[in-house]
Amino acid sequence: MTLRRGLYGTGFHRKKGGGSGLPIVLVIFFSVLAPLIFFVGRGLYTSTSFDQNDTASGSSKQEKDERITDKGKVLVEWCRLCIGEKGWHCNMLNLFSQKRQVQIGEDFLQVIDVIEASTVDLGPMSFDSLRKNNMSASWRSVGVETFAESNATTSKPNQIASNVRRETPKGKRDNVLADHSQFIDTPAKQYRRVNDIMQQLRDKRREKRAAELLRQDDEAIVKLENAAIERSKSVDSAVLGKYSIWRRENENENSDSTVRLMRDQMIMARVYLSIAKMKNKLDLQQELQTRLKESQRAVGEATTDADLHNSAPEKIKAMGQVLSKAREQLYDCKLVTGKLRAMLQTADEQVRSLKKQSTFLSQLAAKTIPNGIHCLSMRLTIEYYLLPLEKRKFPRSENLENPSLYHYALFSDNVLAASVVVNSTIMNAKDSSKHVFHLVTDKLNFAAMNMWFLLNPPGKATIHVENVDEFKWLNSSYCPVLRQLESAAMKEYYFKADHPTTLSSGSSNLKYRNPKYLSMLNHLRFYLPQVYPKLDKILFLDDDIVVQKDLTKLWSVDLHGKVNGAVETCGESFHRFDKYLNFTNPHIARNFDPNACGWAYGMNMFDLKEWKKKDITGIYHKWQNMNEDRALWKLGTLPPGLITFYGLTHPLEKSWHVLGLGYNPSVDRSEIDSAAVVHYNGNMKPWLELAMTKYRSYWTKYIKYDHPYLRNCKLSE
């Protein structure tokens, strides 16, 4: 087998004309091949090491072993192609350890892969092309088809070298060098080529890693959404009522989809409108503003698809087109996310502000008296003072101190509300002649209250009206509450000029600044034995209740030596003592159980004999004096009532007294119908416009709206 001489024949190794070829070989190696080997090996070692790590898990052990097995053959081919079979450069590999030789072999395999995959200036270049004789004439083998066969001759380097020397004419060496030089790039150019290939590989790895992270993120989002859906399924919509976003009508995903779509479009239009203004896209900004106004007019106050205007589909289509245009010109993920987050925060702040406003307005409405009731009080007052003195007295006054009758205590400044309590009690009583009503009001409503019951006597029942301001014994020297209300600190708390009165501030404590807490009518319940010294038992009623059954059986209930008979209001964790009292105060913590069950005012049976024995009023005075700085509880009568009657309250059956009609929309209808007394505790009183209409009929059916005074004051159902 003969070979044409390559770039390095034996002439470069033997002496000629007494000189040595070794310096020439060294010059060529260190100037051309050594830098090439250095840059290629150094640049690709890092790149290929990462590729090996990324692809090692996907490659089979068999494929890797086959590549490593051929590393020796590859190194021989590399050496023979670059520096000749007998070059001392190949022998330099023997200077490295076997482990290092394996690393060099693996690195060269990576170089081969990179060159095979690259399509740069010289086109794809690999050993396959060499085997197929895609090389210059000086590299073609004579009588040999492929380099695989010539590899078999590597065991006879001397013989091949002599064949090359004999086959290659001396005069053609320069031509051979010229032919081969076109395949040799400068080290800098080769380094740039390799860097480009390495960058491509790095980009592919980054894309792969990014895709993997996105996939993991999507999986995590799906898991969170599924978990949220499962949790939402456990929500009891019956408990949450009509105010719940999880109510039944929202279970249909397609319910009112058009309204939701238009609102979503308007949200995105506001986002792109802000970005267009920021990027000075005036035309697009104007177009977005126009479409946004059109959509707003089309939606209006609609909450369902049926409420939408007929032009809604056209508006949706037009808005969709401009949003698509805005997305093409303005979409920036970071900007859009930031705008949506800002809109969400703004909406959250608006919701909190509206909640405060709602609280403020509801408390304000609860404090006010409607114009119709105020008109009624004024007209009745005028009529009362026009009556002769002898006609201002009620009949059957001898029953007022008879302990064998059924006595009721009612303290109120609302004429219409008091009339409902009295009328409902009498209408459901078996024998109205045995019922005695003790009404106490203030001097402003004293005349009106008298006149109403003089004009509308409650059947055969006895009624008596008193003025709380005429109780001379009830003064600041005896009553701690009156003394505290006259103090500078309390006046500052209630009447300070710069006190928060806006819709968005001060609403949290407005509840405790209700005028009823300043009125002695509210605290008079702690002085029942003083007001009615000759009575043994008395049933206390609030003016926001309605009686639905005969209550005489309450007088036969055995209180077991307790003073107060009341319905307990505690559930599993609410309406217990820790809700009303400050258990961080040592006086409260030492004397009361935070888990003790609370009870309700509104319908309470008081044993006045036991009251006097246990000095209930004295206990109340003691704790009220300790709470001068409001450190034990805030204002009101229920917290001091819980303290005063602690351990002295007998629980009544819940059917006697059902509460919540003034705040809870989910009170069971069957409980209301079976209750002896229903209580509109809360801000939504039945005489106010904000009353819940579903409960209002229980109250209005005891009012005769055809009464001339009611018609004149425009009071109606």
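What you are looking at is a predicted structure, and each value in this text was computed from that prediction instead of being measured. Scope of the values below: all heavy atoms of this structure, side chains included, with no hydrogens, waters or symmetry mates.
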Hey, are the side chains of [X] and [Y] touching, using non-hydrogen atoms and a 4.5 Å cut-off?
{"X": "Trp687", "Y": "Asp544", "result": "yes"}
{"X": "Leu661", "Y": "Trp699", "result": "no"}
{"X": "Asn582", "Y": "Leu632", "result": "no"}
{"X": "Leu282", "Y": "Asn280", "result": "yes"}
{"X": "Val667", "Y": "Tyr695", "result": "yes"}
{"X": "Arg525", "Y": "Asn604", "result": "no"}
{"X": "Arg669", "Y": "Lys694", "result": "yes"}
{"X": "Asp673", "Y": "Tyr698", "result": "yes"}

For [X], does the [atom1] atom have more than 12 heavy-atom neighbours from other residues, nucleotides or ligands under 6.0 Å away?
{"X": "Glu689", "atom1": "CD", "answer": "no"}
{"X": "Lys701", "atom1": "NZ", "answer": "yes"}
{"X": "Asn595", "atom1": "CG", "answer": "yes"}
{"X": "Glu314", "atom1": "CD", "answer": "no"}
{"X": "Lys279", "atom1": "NZ", "answer": "yes"}
{"X": "Lys281", "atom1": "NZ", "answer": "no"}
{"X": "Lys654", "atom1": "NZ", "answer": "yes"}

Closest heavy-atom contact between [X] and [Y]?
{"X": "His657", "Y": "Ala600", "value": "CE1-CB, 4.1 Å"}
{"X": "Val421", "Y": "Ile545", "value": "CG2-O, 3.6 Å"}
{"X": "Ile672", "Y": "Gln548", "value": "O-NE2, 2.8 Å"}
{"X": "Leu376", "Y": "Leu416", "value": "CD2-CD1, 4.4 Å"}
{"X": "Gly660", "Y": "Met692", "value": "O-CE, 4.5 Å"}
{"X": "Lys315", "Y": "Ala298", "value": "CG-CB, 4.0 Å"}

Give, for atom [atom1] of [X] and atom [atom2] of [Y], the distance between the pair rounded to the nearest 0.5 Å.
{"X": "Gln296", "Y": "Arg263", "atom1": "CD", "atom2": "CZ", "value": "10.0 Å"}
{"X": "Leu715", "Y": "Lys704", "atom1": "CG", "atom2": "NZ", "value": "16.0 Å"}
{"X": "Ile267", "Y": "Leu292", "atom1": "CD1", "atom2": "CG", "value": "11.0 Å"}
{"X": "Ile197", "Y": "Leu201", "atom1": "CD1", "atom2": "CG", "value": "7.5 Å"}
{"X": "Tyr705", "Y": "Leu710", "atom1": "OH", "atom2": "CG", "value": "7.5 Å"}
{"X": "Leu273", "Y": "Leu288", "atom1": "CG", "atom2": "CG", "value": "5.5 Å"}

*Sub-3.5 Å donor-acceptor pair from the side chain of Ser358 to the main-chain atoms of Leu354, do we have one?*
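No: the side chain of Ser358 does not pair with the backbone of Leu354.
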
*Using modelled atom types only, decide if a donor and an acceptor are shared between the side chain of Lys685 and the backbone of Tyr680 within a distance under 3.5 Å.*
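Yes, because the side chain of Lys685 sits within donor-acceptor range (under 3.5 Å) of the backbone of Tyr680.
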
_Tyr663 vs Asn681, side chain to side chain contact (heavy atoms under 4.5 Å, CB included): CA-CA, chis, key distance, verdict_ = CA-CA 7 Å; Tyr663 72 92; Asn681 57 313; 3.5 Å; yes

*Residue pairs passing the salt bridge (charged side-chain N to carboxylate O under 4.0 Å, His left out) test where at least one lies in residues 338-349, sequence neighbours excluded*: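 As it turns out, the salt bridge (charged side-chain N to carboxylate O under 4.0 Å, His left out) pairs with a partner in residues 338-349, which skip direct neighbours, are Asp348-Arg352.
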
*Give the ring-plane orientation class for Tyr601 versus Trp599, where under 30° counts as parallel, over 60° as perpendicular and anything between as tilted.*
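Perpendicular: the ring planes of Tyr601 and Trp599 meet at over 60°.
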
*May I ask you to check whether Asn414 and Ser412 show a side-chain donor-acceptor distance below 3.5 Å?*
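Looking only at side-chain atoms, Ser412 and Asn414 do not form any donor-acceptor pair under 3.5 Å.
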
*asked:* Under a 3.5 Å threshold, yes or no: a donor from one side chain and an acceptor from the other, between Asn428 and Tyr702?
replied: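 Asn428 vs Tyr702: donor-acceptor pair found between side chains.
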
_By the side-chain hydrogen bond (donor to acceptor under 3.5 Å, both in side chains) test, which pairs, at least two apart or in different chains, include something from residues 316-337?_
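Passing the test, one end in residues 316-337: Glu287-Lys325.
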
_Assess whether a salt bridge exists between Lys208 and Glu212, defined as any Lys/Arg side-chain N lying under 4.0 Å from an Asp/Glu carboxylate O._
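No.
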
_Quick one, Met278 with Leu335, criterion side chain to side chain contact (heavy atoms under 4.5 Å, CB included). Give me CA distance, side-chain angles, the key distance, then yes/no._
CA-CA 11 Å; Met278 183 177 62; Leu335 273 178; 3.5 Å; yes

*Audit row: Ile373, Val415, side chain to side chain contact (heavy atoms under 4.5 Å, CB included) steps and yes/no*: CA-CA 8 Å; Ile373 297 179; Val415 175; 5.6 Å; no

*Identify, with sequence neighbours excluded, every residue that meets salt bridge (Lys or Arg N to Asp or Glu O under 4.0 Å) alongside Arg209.*
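Salt bridge (Lys or Arg N to Asp or Glu O under 4.0 Å) check on Arg209 returns nothing, list empty.
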
*asked:* Applying side chain to side chain contact (heavy atoms under 4.5 Å, CB included) to Leu284 and Tyr272, what does each step give before you reach the verdict?
replied: CA-CA 9 Å; Leu284 186 57; Tyr272 285 128; over 6 Å; no

